Amino acid sequence: MSTTLQAVRGMNDVLPDEAPLWQHVEDVARRTFAQYGYRNLRVPIVESTPLFVRGIGDATDIVEKEMYTFADKLSGDSLTLRPEATAGIVRAAIEHNLTYERPLRVWTSGQMFRHERPQRGRYRQFHQIDVEALGFAGPDVDAEQIVMLARLWKALGLSDLVLKINSIGDADDRRQHRASLVAHFEQHHTLLDDDAKRRLQSNPLRLLDSKHPPMQPVIAAAPRLVERLGAPAREHFDGVRRALDNAAIAYEVDSRLVRGLDYYNRTVFEWVTGALGAQGAVAGGGRYDGLFEQLGGKPTPACGFACGMERLVLLLQVANVVASDGPIAYIVHAGDAAAAAAAALAERLRDAGHAVVVNAGGGSFKSQMKRADASGASLALIIGDDELAAQSVSVKPLRSNTGQVSVPASEIAASIATLAA
Ligand code: HAM
C-alpha cells in the first residue's frame with residue numbers, strides 16, 4: 001500500500017463544516033466594502049520576486065526569511081508566492097493605468113504565503129481580505145477605512161477589538177528619528193541581541209519590535225517618532241484623529257506600532273484582540289504614499305489594510321457564532337415513481353429559489369432520515385406510496401418538536417418557507 005499524503009505543514013484545509021463561517025465573513029465583508037464604494041479586483045498569487053523585494057523592503061522579516069521563492073523552470077525568472085496583496089495591487093494599478101485619472105477604492109481576498117513558524121492563528125498559507133484606496137492624499141480616507149472596519153466588526157458581532165494607531169511620519173521625519181534611534185541604541189550596545197545589532201544600521205525601527213527582555217528598558221526610553229513629526233505629517237495625523245473622534249471610534253495612540261513592511265508612511269494602524277494569544281493582530285494597515293514611485297509608477301498617495309481570515313474565523317468560533325449552509329429541505333423517497341416525483345419537486349422548489357437536497361444512493365427510510373438530519377436541513381419532505389397516491393408530501397420539521405403534516409404537492413413551493421420557520 002502506498003503511503004498517504006498530507007497537507008504541507010502550516011497549510012490548512014477548510015472543511016465543509018467550517019466553510020459556512022468563512023463564507024459568512026466573506027459575505028459580510030463584501031457587503032460592507034460595497035457600502036463604501038470599494039470594488040473587487042483580483043491579482044495573481046505568483047508575482048516576480050523583485051516586486052516584493054522592492055515593495056515590502058529587503059530588510060524586512062518577510063523578504064529576508066519568509067518568502068516562498070522559486071525559479072521558473074523555463075525562463076529561470078525568480079518568482080514568489082505572494083506574502084501580501086498590496087504590492088501586486090499597486091503593480092496592477094500601474095500596469096493598467098487604473099488610478100492616474102481618478103482615485104480608486106478596491107478590495108481583494110485570497111491566499112497569502114509566509115514561511116513562518118506555524119502556531120494558532122499563524123500559518124504558512126493564510127487568507128487575507130485586503131482593501132486599498134489608491135490616489136487619495138488626505139486623512140479622510142485613512143479614517144474612513146478605520147470606520148469601515150469598525151462597521152465590519154459590528155456586523156460580525158465582534159465587540160472586543162482594540163484599535164491602535166500611530167504615525168511614522170514622512171521620509172525626512174523618519175531620517176531624523178532614525179539617526180536619533182541609532183544613536184540611542186548605540187549608547188546601549190551591550191544590551192542588544194544579535195538580531196538587533198545586525199539591524200541597527202539597516203532597519204533601526206524594527207528594534208522597537210524586539211521582544212528581547214534586556215532591551216525592553218532601552219526601547220521604552222527610545223525617542224518617539226510620533227512626538228517629533230514634521231508639520232505636514234502632524235497635521236495629517238491630527239486630521240485622522242479628529243475624524244475618528246467625530247465618528248466616536250475609540251483608539252489608543254501606540255508610539256511603538258511600526259508594522260512589518262517598509263512601504264508605510266504617516267498613518268499606521270492595527271486592530272488587536274486578546275482572545276487569540278500571541279497572534280493578536282486581526283487587521284493591520286496604513287498609508288503608503290511612496291510605493292507607486294518605488295515600483296516605477298507616478299506619485300500616487302494611497303492607504304489600505306488587510307484582515308486575517310483565519311484569525312477572524314477563530315474569533316467568531318471563540319464567540320460561539322454559528323453559520324449554517326444547510327438546505328431548507330431534504331427529500332426522502334422510496335420506489336422509482338417516488339424518486340421521479342422527488343426530483344421534479346426539488347426542481348420546482350429550486351425554481352422558487354430554495355436549496356433542496358434529494359436523497360441519492362437509496363437507503364432505508366431510517367438511514368435516509370439520518371442523512372436528512374446530518375444535512376442541516378430544516379425539513380424532511382417524505383414521498384412514499386401513500387403520498388404519491390394522495391398527491392401530497394409529508395413534511396417533518398427536523399429542528400423543532402412540531403409534528404409531521406401532510407401538504408398537497410402543488411402547495412409545497414408556496415408554503416415551504418412558513419413550514420421551515
Ligand atoms: P500584515 O500586518 O502583514 O499587513 O497582515 C495583515 C493581517 O494578515 C494581519 O493582521 C493578520 O491578521 C494576517 N496575517 C499576517 N500573517 C499571517 C499568518 N502567517 N497567518 C495568519 N494570518 C496572518 C499586510 O499584509 C499589508 N499588506 C496590509 C496592508 C494593505 N497595508 C496597506 N494595505
Side-chain angles (χ1 to χ4, degrees), residues 9-12 14 22 25 29 33 38 41 43 47 51-52 55-57 60-63 65-68 81-91 93 104-134 136 141-142 145-146 148-149 152-153 158 161-166 168 206 209 257-273 275-292 294 300-315:
R9 184 165 134 82
M11 306 203 182
N12 301 315
V14 177
W22 282 70
V25 173
F33 300 159
Y38 282 83
L41 157 150
V43 290
E47 298 268 4
L51 172 68
F52 300 118
I56 298 169
T60 58
D61 275 349
I62 295 178
V63 170
K65 23 184 195 205
E66 295 170 1
M67 295 206 303
Y68 283 87
L81 300 185
R82 64 180 180 194
E84 60 107 50
T86 312
I89 289 177
V90 170
R91 181 214 33 82
L104 182 68
R105 289 174 169 88
V106 289
W107 68 273
T108 199
S109 64
Q111 282 95 331
M112 310 292 153
F113 301 85
R114 296 183 193 175
H115 199 280
E116 300 192 77
R117 201 168 46 76
Q119 55 174 255
R120 184 166 185 245
R122 187 170 73 194
Y123 310 102
R124 290 180 172 169
Q125 175 189 263
F126 60 98
H127 298 72
Q128 284 184 345
I129 306 180
D130 182 281
V131 171
E132 313 290 353
L134 310 173
F136 297 88
V141 162
D142 313 26
Q145 290 188 339
I146 292 171
M148 181 168 84
L149 273 172
L152 176 61
W153 308 146
L158 296 172
L161 296 177
V162 172
L163 170 63
K164 299 190 169 189
I165 63 171
N166 189 23
I168 58 167
R206 293 305 307 280
D209 259 354
L257 182 64
V258 292
R259 313 256 317 123
L261 305 98
D262 280 354
Y263 49 61
Y264 292 112
N265 70 312
R266 298 196 179 177
T267 319
V268 288
F269 62 88
E270 275 181 4
W271 288 87
V272 297
T273 171
L276 297 181
Q279 306 309 318
V282 174
R287 182 158 279 284
Y288 51 94
D289 296 331
L291 185 56
F292 273 73
Q294 224 164 299
T300 307
C303 177
F305 67 83
C307 312
M309 275 295 291
E310 282 78 0
R311 293 183 194 177
L312 278 176
V313 168
L314 277 170
L315 268 185

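Just so you know, ligand 1 is whichever comes first in the structure, and atom 1 is the first atom listed for that ligand. Computed from a predicted structure; not experimentally measured.
Distances below 4.0 Å separate heavy atoms of E116 from the following atoms of ligand 1: 16 (N), 18 (C), 19 (N).
For ligand 1, one of its N or O atoms has an N or O atom of V282 under 3.5 Å away. In terms of polar-atom proximity, defined here as any N/O pair under 3.5 Å, Y123 does make such a contact with ligand 1. Residue-to-ligand polar distances place R259 within reach of ligand 1: an N/O pair is separated by less than 3.5 Å. For ligand 1, one of its N or O atoms has an N or O atom of E84 under 3.5 Å away. Checked by distance only, ligand 1 and L261 stay at 3.5 Å or farther apart across all their nitrogen or oxygen atoms. When only interatomic distances are considered, the shortest N/O to N/O separation between F126 and ligand 1 does not fall below 3.5 Å. For a threshold of 3.5 Å applied to N or O pairs, the pair formed by G285 and ligand 1 contains no separation below that value.
When the options A87, A302, A281 are ranked by their closest heavy atom to atom 12 (O) of ligand 1, first place goes to A281. Considering V272, T108, T86 only, the shortest heavy-atom separation from atom 30 (C) of ligand 1 involves T86. Checking Q125, Q128, M309 against atom 25 (O) of ligand 1, the nearest heavy atom belongs to Q128.
At a heavy-atom cutoff of 4.0 Å, ligand 1 is contacted by both the backbone and the side chain of R122.
By the 4.5 Å heavy-atom criterion applied to side chains, Y123 and M112 are not counted as neighbours. Using a 4.5 Å heavy-atom threshold, the side chains of Y288 and Q294 count as separate.
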